[in-house]
Number of protein chains: 2
Amino acid sequence: MSISSRFAVGIHILALIKLNNEGVTSSEFLATSVNTNPAVIRKLMGMLKKAGLIEVHPGIAGAKLAKELSCITLFDVYKAVNVVQEKELFSIHESPHPDCPVGRNIQNTIEPLFTAAQLAMEKVLRNVTLEDVVRDIATKENIC
Amino acid sequence: MSISSRFAVGIHILALIKLNNEGVTSSEFLATSVNTNPAVIRKLMGMLKKAGLIEVHPGIAGAKLAKELSCITLFDVYKAVNVVQEKELFSIHESPHPDCPVGRNIQNTIEPLFTAAQLAMEKVLRNVTLEDVVRDIATKENIC
DNA sequence: ATACATGTAATTGATATTGTTACAGATAAA
DNA sequence: TTTATCTGTAACAATATCAATTACATGTAT
């Protein structure tokens, strides 16, 4: 199991909109950099737009950031592209047998443990901004 | 996306072997409590056995714990049932375009961030033992 | 020998992912 | 107003994973 690459591609899109600030960041331009199909990018752009992270308009080429990158965390992107639902990183088997002490309690016992693990992961995502990501790319490129 | 319920079922199996200590914990007995097929349980028993968590023998009914439950963490089960590979909780798109500053750096920039998030989640799993799980079930049952 | 258990492979149905094609609708420019 | 270009979106296919199911080989005890 792996969390969908929509998350990584979403980060890619936002970073590239920023670094291509002067140019026009169309779905085709993004698709070339990501190495995928423009329609895939447009679907993701729709999700990022719905989450208030970018501005896109039908008929008008190019996406723009709707916020400062320092105000967008990886968690925001993760939620925007809908890769993992709340409390559902781990799945728990349904309908265990109620006549068994383990069967009738396992779900309630495990659920908070799984949720805690998921929240710990998400906390890390909350502590990284897209500005951090772009800065790292810039450093690797010796842009600054 | 969700992590396979093999993980939750693996925990269920270990807890039930413990609470059924006096009885014979066969794959059919476990399957009834989990509410699945005995062959599914046997596959999981094979994984738990391979990881050194339980003892099972062909032709001999019932599984036994190979370790104290206090020495088995949720992380041990998680690894045993093979639900998430190292550094692969999040997937990253392959072959982004090398002629783009973002394309040629995104993987190296993102990978350590994703790994850190995964490790934070796994750390929580390391800090819970199967003894904790069984104790919680026992408490809910007023067994002790 | 038999009865019964585990070990394991093959198959199926359901679901998610990613890519692809096609086209409607919006916009700008000629 | 016509044309070109872009976004928005739906439909579809290919692939992968999951979970259940069936079947059967193998091992053990009586």
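Computation of the quantities below employed the complete heavy-atom set of this structure, encompassing side-chain atoms and omitting hydrogens, waters and symmetry-equivalent molecules. Labels below follow one simple rule: chain letters A, B, ... track the order of the sequence lines, proteins then strands, and each chain is numbered from 1.
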J.: Given the rule that I, L, V, M, F, W and Y join up when any side-chain heavy atoms are under 4.5 Å apart, are A/I60 and A/L44 in one cluster?
T.: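 The answer is no; the residues belong to distinct hydrophobic clusters.
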J.: Roughly, in whole Å, what's the span from CE in A/M47 to C1' in C/dT18?
T.: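 Whole-Å distance recorded here is 13 Å.
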J.: Would you name the heavy atoms of B/V56 and B/G62 that are closest together and state the gap between them?
T.: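 Taking every non-hydrogen atom into account, CG1-O, 4.2 Å.
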J.: Kindly state which residues belonging to residues 72-94 of chain A come within less than 4.0 angstrom of DNA chain D, counting heavy atoms of the residue only, listed by number.
T.: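 Here the set is empty: none.
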J.: Any donor-acceptor pair under 3.5 Å linking the side-chain atoms of B/T139 with those of B/D136?
T.: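 Note: B/D136 and B/T139 side chains miss the donor-acceptor criterion.
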J.: Rounded to whole Å, how long is the line connecting atom CD1 of A/I41 with atom P of D/dT9?
T.: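 One finds 16 Å between P of D/dT9 and CD1 of A/I41, rounded.
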J.: So B/F7 and B/L74, do their side chains get closer than 4.5 Å, heavy atoms only?
T.: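 A side-chain contact under 4.5 Å exists here.
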J.: In whole Å, what is the span from the NZ atom of A/K50 to the C1' atom of D/dT9?
T.: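 It works out to 13 Å between those atoms.
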J.: Can a donor-acceptor pair be found between the side chains of B/H12 and B/S33 at a distance below 3.5 Å?
T.: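 Note: B/H12 and B/S33 side chains meet the donor-acceptor criterion.
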J.: What's the CG-P distance between A/N35 and C/dT18, to the nearest Å?
T.: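 Computing the A/N35:CG to C/dT18:P distance gives 14 Å.
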J.: Kindly check if the number of other-residue, nucleotide or ligand heavy atoms within 6.0 Å of NZ (A/K79) is above 12?
T.: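 Count over threshold, so yes.
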J.: Tell me which donor-acceptor pairs under 3.5 Å the side chains of residues 113-126 of chain A have, and how far apart each pair is, sequence neighbours excluded?
T.:
residue : atom : partner : partner atom : Å
A/T115  : OG1  : A/E111  : O            : 3.0
A/T115  : OG1  : A/E111  : OE2          : 3.2
A/Q118  : OE1  : A/K87   : N            : 3.4
A/Q118  : OE1  : A/E88   : N            : 3.3
A/Q118  : OE1  : A/L89   : N            : 3.1
A/Q118  : NE2  : A/Q85   : O            : 3.1
A/Q118  : NE2  : A/E122  : OE2          : 2.9
A/E122  : OE2  : A/Y78   : OH           : 2.7

J.: Whether B/S4 contacts D/dA19 is assessed here as follows: a side-chain N or O lying under 4.0 Å from the phosphate OP1 or OP2. Is that the case?
T.: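 Yes, B/S4 has a side-chain N/O under 4.0 Å of OP1/OP2 on D/dA19.
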J.: For DNA chain C, whose closest nucleotide is more 5', that of A/R6 or that of A/V40?
T.: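 Whichever sits nearer the 5' end wins; that is A/R6.
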J.: On a heavy-atom basis, which atom in A/G23 and which in A/K64 lie closest, and how many Å separate them?
T.: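 Nearest pair, atom of A/G23 first, then A/K64: O-NZ, 4.2 Å.
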J.: Would you kindly give the CG-to-P distance between A/L30 and D/dT7, to the nearest whole Å?
T.: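 Answer to the nearest Å: 9 Å.
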J.: Taking all non-hydrogen atoms of both residues into account, name the closest pair between A/E131 and A/S70 and its distance.
T.: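 Reported closest heavy-atom pair: OE1-CB, 3.1 Å.
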J.: For the pair made of CZ in A/F7 and C1' in C/dA16, what is the distance, rounded to whole Å?
T.: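 For the pair A/F7 CZ and C/dA16 C1', the rounded distance is 18 Å.
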J.: Quick one, give me the B/S/- string for nucleotides 5-12 of chain C, reading 5' to 3', where B means a protein heavy atom under 4.0 Å from the base and S means that only happens at the primed atoms, P, OP1 or OP2.
T.: BBBB----
J.: When the distance from CE of B/M1 to C1' of C/dT15 is rounded to whole Å, what number comes out?
T.: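 For the pair B/M1 CE and C/dT15 C1', the rounded distance is 13 Å.
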J.: Write down the distance between CG (A/N37) and P (C/dT17), rounded to a whole number of angstrom.
T.: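 Checked: the CG to P distance equals 18 Å.
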